[in-house]
Every structure is written in C-alpha cells, then in structure tokens.
Amino acid sequence: MADTSNNNTVRVRFAPSPTGPLHIGGVRTALFNWLFARRHNGIFILRIEDTDRNRYVPGSLEQIIEGLKWLGLYWDEGPEVGGPYGPYIQSQRLDLYRKWANWLLEHDKAYKCYCSKERLEELRKARGSGYDRRCRYLTEEERRAHEEAGDPFVIRFKMPLEGETVINDLIRGPITFHNERLQDLILLKSDGYPTYHLANVVDDHLMRVTHIMRASEWIPTAPLHYQLYKAFGWEMPKIAHLPVILNPNGKGKLSKRTQAFSSSGHKVLVLLHEYREAGYLPEAIVNFLTNIGWSFGEDREIFSVEETIPRFELERINPAGARFSFDKLVWLNGIYIRKKSPEELAELLREPLEKAGLRPDKETLLKVAPLVQERIKTLNEVVDMAGFFFRETVEPAPKDLIGKKMTVEQSIEALRRAADVIKSLPEFNAQTLEEALRALAADMSLKAGQLFGVLRVAVTGQKVSPPLFETMEIVGRDRVLERLEKAEKILGQEVEKGADE
RNA sequence: GCCCCCAUCGUCUAGAGGACCAGGACGUCGCCCUUUCAAGGCGAAAACAGGGGUUCGAAUCCCCUUGGGGGCACCA
C-alpha cells in the first residue's frame with residue numbers, strides 16, 4: 001500500500017518539458033503548485049512531458065531536478081522518488097496514450113486524418129487558421145482506400161460543432177467558448193506519439209490530479225481538454241490559470257530572447273540556472289516569485305515559504321499579467337544576503353571568488369563577509385567589491401591616486417607620511433589606524449576624506465571599497481605598506497612624465 | 001484577421017459598495033548618518049484608463065470604448 005492518499009487528497013503536478021533549462025516562469029508555476037499542495041497537505045507530482053522527440057534536449061531533466069531541489073521544491077511523486085501512478089515520464093507511457101486514442105476511435109469520438117503536412121500548411125496560409133475537417137467526413141470507401149494504401153495518419157478529436165463550452169476557472173470565474181470556433185485537435189501524431197493534449201488529459205486522470213494550475217497561455221486549450229474529459233467520461237480536475245509573467249518593459253511574455261537590463265544595471269535573467277550563477281539566493285527567488293500575482297497581506301513583502309503556506313489561497317491570486325520587476329528581486333536578494341550569518345555568507349562567497357580565479361582562504365573570508373554584507377546585492381558582486389583582499393597586488397589608476405582638490409605632489413606626500421605613521425604604530429588594527437591617520441590628516445591640513453581617499457585607492461585599487469581601516473587590518477601591515485609604496489611610485493612616474501612633456 | 005484574458009502610483013500590489021481626499025513595497029528625489037560605496041533612519045512626488053449606467057453611496061457591480069496581453073503547429 002504505497003498510496004497514502006484518499007479521495008479527498010489534493011493532488012497537483014508540475015509538468016515541464018525537457019526542452020532546455022528551467023525557465024523562471026516555469027519555476028513560478030512549480031512554486032504555486034507546490035505551495036498549494038503544502039497548504040492542503042496534498043501531493044505534489046513532478047511529471048516529465050517529453051512527447052516531442054524533436055525538441056528533446058539531453059540533460060534538461062537533470063537540470064529541472066537540480067533546479068527544483070535548489071529551491072527546496074521537493075516532489076512527493078515523480079522521477080527519482082517514484083509513486084503509485086508511475087512511470088512519471090511520458091515517453092515511458094506511450095502504450096497508454098495509444099490505448100486511449102484507440103478507445104476514442106472505437107467510440108466514434110475521434111477519427112483518422114490522412115491530410116499531409118503540406119495540405120495543412122496551405123490551409124493555414126489560405127484561411128488564416130484551422131483545419132477544415134475534411135477527413136472527419138470521409139466516406140467509407142475513401143477511408144478504406146487510405147487504409148489499403150497504408151497512408152500515414154494522425155488521430156484527431158471530434159469537437160462538438162455547436163453549443164458552448166464553459167470553463168470554470170478558479171481564478172477568473174467562468175470562461176465561455178463557442179464550440180463552432182474550436183478545432184479538431186490532433187491527439188496522436190503520425191509517429192505514434194501523443195500530443196500534449198492527449199497525454200496531459202490521460203495522465204492527469206490516471207494520476208488522480210485534482211487541481212490543474214498552469215500558466216494562462218494555456219487558456220485557449222482548456223475547452224479542448226474539457227471536451228476530451230467529457231468524451232472519456234472522466235471528471236475534469238479543477239483548473240486555475242496563473243497570470244503570465246511579462247518582460248520588464250511590458251512587451252510580451254518574459255522570454256529567453258529578452259536582452260534587457262534593469263534600471264539598476266543588472267541583467268534581466270530568464271533561466272533559473274542563470275540566477276544561481278549570478279549569485280541570487282533561492283530564498284530571494286522564492287519570495288520574489290510568490291509576490292507576483294499573489295500577496296502576503298499585512299503590508300509585508302518579505303516572508304518565508306513557511307509563513308506563506310498557511311495563507312496560500314487560490315482565490316487571492318490576481319488574474320492580471322504582471323511585469324517582471326527585476327529591481328525588486330535585486331533588492332530582495334540584498335535583504336536575504338544581509339540576513340545571513342557571517343559564517344553562512346563566507347561560505348556562499350567562496351564560489352563566485354573562485355570562479356573569478358581567486359583563492360579565498362576561510363579565515364580571510366570570514367573577516368571579509370561582514371564588510372561586504374551590506375554592500376552587495378548579488379553574491380557575484382563580491383568579486384568587484386572585495387577581490388583585492390585575495391590578490392597579491394593591486395593596480396590603481398594614476399588619476400585615482402590623486403586626492404580630491406590635491407596636487408600630485410601632495411598625494412605623494414600623503415602616501416609617504418601615511419606609510420611612516422603605519423610603520424610606527426605599536427598595534428595594527430582598525431582603531432589605532434583610524435586615530436593615527438585622522439591625526440595625520442589634521443597635521444597635513446587635509447580633510448579626513450581627502451587623505452582616506454588616496455589611501456583607499458592605494459590599498460584597494462578602487463575608489464569604492466569596504467570601510468578603509470577594517471580593510472587595512474585584514475589586508476595586513478606588510479601588504480598595506482607594499483601597496484602604499486607602489487602607489488607612490490606610480491605617482492612619481494606621473495610627475496616625471498609631466499616634466500618630460 | 002479570428003477567439004480569449006486582463007485593467008489601482010513608472011513597477012509589484014492592498015482594496016471583495018460606505019472605514020479611501022486610496023495603504024504598503026521597489027524604483028526616483030530630498031534630508032540625516034558618514035572615510036568612499038552601501039546599509040539604516042526620516043520625508044516627498046506618484047495611481048483608481050475614459051464614458052455610460054445600477055445605488056442614498058462605486059476603485060469595488062453591469063455595459064461600451066480604449067489600451068495591454070495571450071492563443072490560433074503532427075511544440076509544449
């Protein structure tokens with residue numbers, strides 16, 4: 001008795017096609033299904049819809065599985081874990097689809113269509129859309145002739161020719177379609193594989209799915225599916241169409257072809273693995289996605305999945321399409337980065353640094369983490385912000401080494417005297433550094449910011465960095481002195497160059 | 001072209017007939033803090049697409065217009 005569910009158990013599924021990496025829109029669909037299952041103590045099924053042999057991309061299944069796990073969206077039935085209604089990969093269920101397609105044929109609810117792809121192509125061009133149902137009305141002789149000739153065929157569904165089909169969408173209410181506008185869709189392709197429509201309906205029924213939650217681009221196929229259930233004499237699961245996610249500019253569905261940057265300059269990503277590689281946190285992605293089309297209430301934007309589950313109601317989903325507000329995700333990611341403990345953050349920062357060719361040691365990482373924590377919004381930004389900690393030397397630009405409203409000579413002097421001060425410090429830490437260097441600035445009649453700016457560029461190689469004195473402490477006295485000396489040389493060369501000209 | 005869906009600040013949204021001269025968040029702008037950049041604090045500008053109804057009363061219900069989006073494959 002593997003099946004612990006009873007007739008009232010909520011059963012939902014996420015049914016991606018292994019045609020490539022997981023799309024962020026697909027992730028949203030998976031998340032909402034998962035949330036709904038958890039909310040109702042139900043079953044979340046992962047089913048792989050690989051009925052298109054041409055679009056299959058090896059490795060996608062692994063990517064899907066890995067992505068869902070990374071986000072924490074574990075499934076109760078499906079690949080890897082099995083379940084009572086398996087297999088959960090459609091290419092392993094082909095016999096089932098053929099059986100039910102034949103059942104429809106035998107019960108006069110479907111027919112064989114011998115029309116060539118060329119003919120269908122012409123039809124589409126001439127009339128704009130739609131199959132003219134020629135084979136639905138073939139005479140017995142014509143049909144026999146095709147059979148005897150062994151002509152290839154597809155199986156098409158006999159849609160009702162009149163009346164209306166009403167879909168009761170859980171989010172939008174009733175949607176009415178006029179049957180005379182609907183198509184005789186193909187159920188079984190000439191290669192013997194089912195189309196999405198057949199496989200989806202057969203599997204949802206056989207897997208006892210109670211609620212379908214899918215993206216709203218599927219609305220037009222709902223009446224077809226409804227009629228299929230009816231023809232089979234099966235009860236149709238309840239259905240809800242989730243709002244589409246639009247490009248940040250509002251032009252069209254969020255797609256892989258999007259090449260956009262958010263106003264904060266972050267690249268708009270579309271595939272889940274891209275987010276992971278760019279240093280987004282799974283908690284941030286989940287939180288962000290939950291906020292598209294659904295809201296927590298109580299004026300709260302930041303919340304965990306655990307907090308979401310008990311309040312996740314379908315009725316509260318907003319049917320309107322929503323743009324993908326990327327900057328808000330970036331902001332949320334920053335929030336979650338700041339929530340990490342120094343230890344957790346240090347570990348998370350290792351990968352981006354290593355990918356940049358650096359060798360971060362654990363001890364330094366632990367000291368650096370708190371310094372960058374409130375300065376980065378994605379993990380990868382640590383490389384630009386704090387890469388200098390893990391490099392032997394830095395390469396400051398000469399012009400950056402010249403302090404604000406200072407001459408080259410003054411800047412050289414500042415570097416030299418700062419080095420002297422640092423050498424003579426009894427103790428080398430942030431506090432003693434700050435005291436001594438503030439005194440130096442006063443002594444030189446410089447504003448603190450002027451002196452610190454020069455030192456910052458000399459030590460870090462950049463104009464923007466974590467706080468100077470903490471930074472110096474971590475870099476260490478010897479390396480700080482080396483870098484000050486090098487900066488001095490660089491500016492010295494500038495003076496010579498200027499003299500030559 | 002045909003079918004369908006949708007419509008509150010620039011964006012994500014709260015709002016399910018009176019509690020709304022519409023609340024929160026991102027972003028933007030200003031101020032504070034400050035060694036840079038952030039983070040943080042405070043504050044500001046910013047919306048019910050338009051027009052008709054229904055009702056004592058409409059952001060909330062109905063209709064039309066407009067606008068946006070989705071779909072019209074032997075792809076899912």
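- The minimum heavy-atom distance linking A:V457 with A:D400 is given by the pair CG2-O, 3.4 Å.
- Counting only heavy atoms from C-beta on, A:Y196 has its side chain closest to B:rA76 among B:rG71, B:rA14, B:rA76.
- In this structure, A:K447 reaches neither bases nor backbone, as no heavy-atom distance under 4.0 Å exists between it and the strands shown.
- B:rU11 and B:rA49: their P atoms are spaced 12 Å apart (whole Å).
- In a base pair of the Watson-Crick type (N1 to N3 plus N6-O4 or O6-N4) or a G-U wobble (N1-O2 and O6-N3), with each distance short of 3.5 Å, B:rA14 is matched with no nucleotide.
- Here, B:rA22 and B:rA47 have their C1' atoms 9 Å apart, quoted to the whole Å.
- Nucleotide B:rA7 forms a Watson-Crick or G-U wobble pair with B:rU66, both donor-acceptor distances falling under 3.5 Å.
- The separation between A:I186 atom CD1 and B:rA76 atom P is 10 Å, rounded to whole Å.
- The minimum heavy-atom distance linking A:A199 with A:Q90 is given by the pair CB-NE2, 3.4 Å.
- Side chain A:E301 to base B:rG24: a donor-acceptor pair is found below 3.5 Å.
- The partner of B:rG1 is B:rC72, by the rule that a Watson-Crick or G-U pair needs both atom distances under 3.5 Å.
- Smallest separation of non-hydrogen atoms from A:P220 and A:F177: CA-CE2, 4.5 Å.
- Here the shortest heavy-atom pairing between A:N179 and A:E162 reads OD1-O, 3.0 Å.
- Rounded to a whole Å, the CD atom of A:Q183 is 10 Å from the C1' atom of B:rC3.
- Atom-to-atom, CZ of A:F288 to C1' of B:rU13 comes out at 12 Å; the value is rounded to the nearest Å.
- Rounded to whole Å, the distance from NZ on A:K112 to P on B:rC74 is 19 Å.
- Residue-level contact check: A:S190 touches the bases, meaning some heavy atom is under 4.0 Å from a base atom.
- Side-chain contact annotation: A:H241 with A:R214, donor-acceptor N/O pair under 3.5 Å present.
- If you take atom P in B:rU60 and the same atom in B:rC48, they sit 12 Å apart, rounded to whole Å.
- Contact annotation: A:R124 reaches the phosphate of B:rA73 (side-chain N/O to OP1 or OP2, under 4.0 Å).
- Residue contacts shown for A:W218 include a base, since a base heavy atom lies under 4.0 Å away.
- In this pair, A:Y114 and A:H146 present their aromatic rings parallel. The plane angle is below 30°, not in the 30 to 60° band.
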Per-nucleotide protein contact string for nucleotides 28-41 of chain B (B base, S sugar-phosphate only, - none; heavy atom under 4.0 Å): -------BBBBSS-
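- Across all strands shown, A:G297 has no heavy atoms under 4.0 Å from either base or sugar-phosphate atoms.
- Of the C1' atoms belonging to B:rA45 and B:rG51, the separation is 29 Å, rounded to the nearest Å.
- Backbone-only contact: A:V244 has heavy atoms under 4.0 Å from sugar-phosphate atoms and none from a base.
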Table please: side-chain donor-acceptor pairs of residues 150-161 of chain A below 3.5 Å, with sequence neighbours left out.
residue : atom : partner : partner atom : Å
A:R156  : NH1  : A:D184  : O            : 2.9
A:K158  : NZ   : A:D108  : OD1          : 2.6

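- Toward the 5′ end of RNA chain B lies the nearest nucleotide of A:D327, the other residue of the pair A:D50 and A:D327 mapping further downstream.
- A gap of 16 Å separates the C1' atoms of B:rC12 and B:rU28, to the nearest Å.
- Side-chain contact, A:E49 with A:N200: a donor N or O sits under 3.5 Å from an acceptor N or O.
- B:rU11 atom P lies 17 Å from atom CG of A:L254, rounded to whole Å.
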Contact letters for nucleotides 4-10 of chain B, in which S counts primed atoms plus P, OP1 and OP2 and B counts the base, heavy atoms under 4.0 Å: SSSS---
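- Relative ring orientation between A:W294 and A:F296 is described as perpendicular, the plane-to-plane angle rising above 60° on a 0-90° scale split at 30° and 60°.
- On the C1' atoms, B:rC9 is 12 Å away from B:rA25, given to the nearest whole Å.
- Only the P atoms considered, B:rG53 is 12 Å distant from B:rA58, to the nearest whole Å.
- If you take CG of A:N200 and P of B:rC75, they are 15 Å apart, rounded to a whole angstrom.
- A:I212 and A:V209 get closest at one heavy-atom pair: CG1-CG1, 4.3 Å.
- Nucleotide B:rA46 forms no Watson-Crick or G-U wobble pair with any nucleotide shown, as no partner meets the under 3.5 Å limit on both distances.
- The interatomic distance linking A:R181 (CZ) with B:rC3 (P) rounds to 5 Å, in whole Å.
- Taking atom P in both B:rU36 and B:rG68, one finds a spacing of 47 Å when rounded to whole Å.
- Between the side chains of A:D52 and A:Y196, no donor-acceptor pair of N or O atoms lies under 3.5 Å.
- For the OP1/OP2 pair of B:rA76 and a distance below 4.0 Å, the side-chain nitrogens and oxygens of A:T51 include at least one atom meeting the criterion.
- The distance from atom CG of A:L185 to atom C1' of B:rA73 is 12 Å, rounded to the nearest whole Å.
- Here the two rings, on A:Y97 and A:Y193, have centers that are 6.0 Å apart or farther.
- The residue A:G293 sits close only to the backbone: its heavy atoms come under 4.0 Å of sugar-phosphate atoms, none of a base.
- In this entry B:rU55 has no Watson-Crick or G-U wobble partner, no candidate having both defining distances under 3.5 Å.
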